[in-house]
Number of protein chains: 2
Amino acid sequence: MVVPGDCEEISPILSMVGNKWTVLAILILSEGPKRYNQMRREIETISQRMLTVTLRGLERDGFIVRRVITDRAPPQVEYSLSPMGEAVVPLLFSLCDWSARHVAKIAENRRVFDSQRASDPCV
Amino acid sequence: MVVPGDCEEISPILSMVGNKWTVLAILILSEGPKRYNQMRREIETISQRMLTVTLRGLERDGFIVRRVITDRAPPQVEYSLSPMGEAVVPLLFSLCDWSARHVAKIAENRRVFDSQRASDPCV
DNA sequence: CAGAATCCTTTTTGATACTG
DNA sequence: CAGTATCAAAAAGGATTCTG
């Protein structure tokens, strides 16, 4: 066996990490609880549908907690990290950190690879 | 800013990690160099097309190295991790490890969430 | 404010057949 | 052995409209 634990078993987390919105949402909530439209403004490019879908998925998995604040005039919904959500943050930060340190090299690797293909497609 | 480095900048790695085949391929190669069909047998459920696409992408990014062995009767192609590929392995292992430790809890969270929805869809 | 619902486009993946 | 090419299916994502 290659990975610690069964390969199939870990797919939920891997697909979680693979989701660009999911990781972003968790990292934004790592700053503290936020409301729906507040997150929407911070992520900017996310569509309303995707924010909802993303938050619903994270709530279902138990990474975040959804709390409806009823005692206010415009009904507000606050999202925050659960303990498990807090627990992944360091892992995601490591990932982001590694990525930030290697993104330039990867971009260059791609350029080289692509230009080699273009100039000599038959190899 | 939420993440170390720009959010947009890290997407290549995040999408790399999100790919279930990609992670699997790297982890399998962390055992040592392998040939194409050898990997195909080990991953079992991967389609030929996806293995090719996955390996090509990893090679383009510089995570793996493709080496054609010409001095043998049936032409062989060997894949191995590049130094950068080796460098991500610990990170992927951490991820897998964390996942393995939480997969059961996540599965239960989902069950609870889904059954609450089913019994009381209006809340 | 915080969404749900619908429709439509794009991206990913899989199955199948063929090749040097 | 190690692919490529093509087509079909599925999944993800976005735009728009509507609501308590």
Side-chain angles (χ1 to χ4, degrees), chain A residues 7-8 11-12 14-25 28-29 33-61 64-80 113 117 120-123, chain B residues 7-8 11-12 14-25 28-29 33-60 64-80 113 117-118 120-123:
Chain A
C7 288
E8 303 306 317
S11 65
L14 249 34
S15 63
M16 186 284 273
V17 173
N19 211 321
K20 88 181 177 204
W21 301 131
T22 299
V23 172
L24 227 48
I28 281 181
L29 287 180
K34 311 245 166 144
R35 283 178 299 107
Y36 183 85
N37 277 332
Q38 195 177 357
M39 296 187 69
R40 210 182 146 192
R41 277 189 298 273
E42 292 195 29
I43 306 189
E44 289 189 5
T45 55
I46 197 171
S47 69
Q48 197 175 26
R49 184 179 173 279
M50 275 306 105
L51 180 56
T52 301
V53 168
T54 300
L55 292 174
R56 208 58 80 243
L58 287 172
E59 187 195 358
R60 186 170 101 107
D61 285 354
I64 68 176
V65 176
R66 178 176 182 272
R67 192 168 68 92
V68 181
I69 304 172
T70 46
D71 59 349
R72 250 172 261 177
Q76 295 189 349
V77 178
E78 187 187 81
Y79 292 94
S80 57
F113 185 87
R117 289 270 151 162
D120 197 357
C122 301
V123 176
Chain B
C7 289
E8 303 306 317
S11 65
L14 248 34
S15 64
M16 186 285 273
V17 172
N19 211 322
K20 87 181 180 207
W21 300 132
T22 299
V23 172
L24 227 49
I28 281 181
L29 287 179
K34 311 244 167 147
R35 283 179 297 107
Y36 183 86
N37 277 333
Q38 193 177 358
M39 296 186 69
R40 211 182 145 191
R41 277 189 298 273
E42 292 195 29
I43 306 190
E44 290 188 3
T45 55
I46 198 172
S47 70
Q48 196 174 26
R49 185 177 172 283
M50 276 306 105
L51 180 56
T52 301
V53 169
T54 301
L55 291 174
R56 208 58 80 241
L58 287 172
E59 186 195 358
R60 187 169 100 108
I64 66 175
V65 177
R66 178 177 181 273
R67 193 168 67 94
V68 182
I69 304 170
T70 45
D71 59 348
R72 251 172 258 176
Q76 294 188 349
V77 178
E78 186 188 81
Y79 292 93
S80 58
F113 185 87
R117 290 269 150 161
D120 197 357
C122 301
V123 175

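No experiment lies behind these values; they were computed from the predicted model shown. Numbers restart at 1 for each chain; the letters A, B, ... are given by sequence-line order, proteins then strands.
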Exercise. Please step through side chain to side chain contact (heavy atoms under 4.5 Å, CB included) for the pair B:V53 and B:W21, ending with a clear verdict.
Key: CA-CA 10 Å; B:V53 169; B:W21 300 132; over 6 Å; no
Exercise. Give the C-alpha distance, both sets of side-chain angles, the deciding distance and a yes or no for salt bridge (charged side-chain N to carboxylate O under 4.0 Å, His left out) between A:R35 and A:E78.
Key: CA-CA 4 Å; A:R35 283 178 299 107; A:E78 187 187 81; over 6 Å; no
Exercise. Check the pair A:I28, A:Y79 against side chain to side chain contact (heavy atoms under 4.5 Å, CB included), reporting the backbone distance first and the verdict last.
Key: CA-CA 10 Å; A:I28 281 181; A:Y79 292 94; over 6 Å; no
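A donor and an acceptor atom sit less than 3.5 Å apart, one in the side chain of B:Q48 and one in the base of D:dG3.
Put simply, CD1 on B:I43 is 15 Å from C1' on D:dA2, counting in whole angstrom units. Nucleotide C:dC1 holds its C1' atom 14 Å from the CG atom of A:L55, rounded to whole Å. Look at CD on A:E59: it is 10 Å from P on C:dA4, rounded to the nearest Å. Following rounding to the nearest Å, A:I69 (CD1) and D:dG20 (C1') show an atom-to-atom distance of 18 Å. Summarising the geometry, the separation between OH on B:Y36 and C1' on C:dG20 is reported as 15 Å, rounded to the nearest angstrom. Computed from coordinates, the B:I46 CD1 to C:dT13 C1' distance equals 11 Å when rounded to whole Å. B:L51 places its CG atom 14 Å from the C1' atom of C:dG14, with the value rounded to the nearest Å. Remark: P of D:dC1 and NZ of B:K34 are 16 Å apart, rounded to the nearest angstrom.
At C:dA2, none of the side-chain N or O atoms of A:R66 fall inside 4.0 Å of OP1 or OP2 (strictly under the cut-off). For A:R35, a side-chain nitrogen or oxygen approaches OP1 or OP2 of C:dA2 to under 4.0 Å. B:Y79 has a side-chain polar atom (N or O) that falls below the 4.0 Å cut-off from OP1 or OP2 of D:dG3.
The side chain of A:M50 sits closest to D:dG13 out of D:dG3, D:dC1, D:dG13. Here the side chain of A:N19 is nearest to one of D:dA2, C:dA4, D:dG13, namely D:dG13. Listed nucleotides: D:dC1, C:dG3, C:dA2. Nearest to the side chain of B:R41: D:dC1. In the set C:dT13, D:dT4, C:dA2, C:dT13 carries the atom at the smallest distance from any side-chain atom of B:R49. Set against C:dG3, D:dC1, D:dG3, the side chain of B:Q76 has D:dC1 as its closest nucleotide. Here the side chain of A:P75 is nearest to one of C:dA2, D:dG20, D:dC1, namely D:dG20. Checked against D:dG13, C:dA4, C:dA2, the side chain of A:N37 finds its nearest nucleotide in C:dA2.
Nearest heavy atoms, A:T52 versus A:Y36: OG1-OH, 2.7 Å. The nearest pair of heavy atoms linking B:A25 to B:L58 is CB-CD1, 3.9 Å.
Looking at A:E42 and A:K34, a side-chain N of the basic residue comes within less than 4.0 Å of a carboxylate O on the acidic one, giving a salt bridge.
Contacts of B:R40 with the nucleic acid, taken as non-hydrogen atoms under 4.0 Å apart, are absent.
Put simply, the side chain of A:V77 does not reach to within 4.5 Å of the side chain of A:R67, judged on heavy atoms.
For the side-chain contact (heavy atoms from CB on, under 4.5 Å) criterion with B:E59, the lone passing option out of B:I64, B:V65, B:T54 is B:I64.
Comparing the start and finish of the helix from C:dC1-D:dG20 to C:dG20-D:dC1, five pairs each, the helix axis swings through 50°, to the nearest 10 degrees.
Annotation: of the two residues near DNA chain D, B:E78 and A:S47, the 5′-most nearest-nucleotide partner is B:E78.
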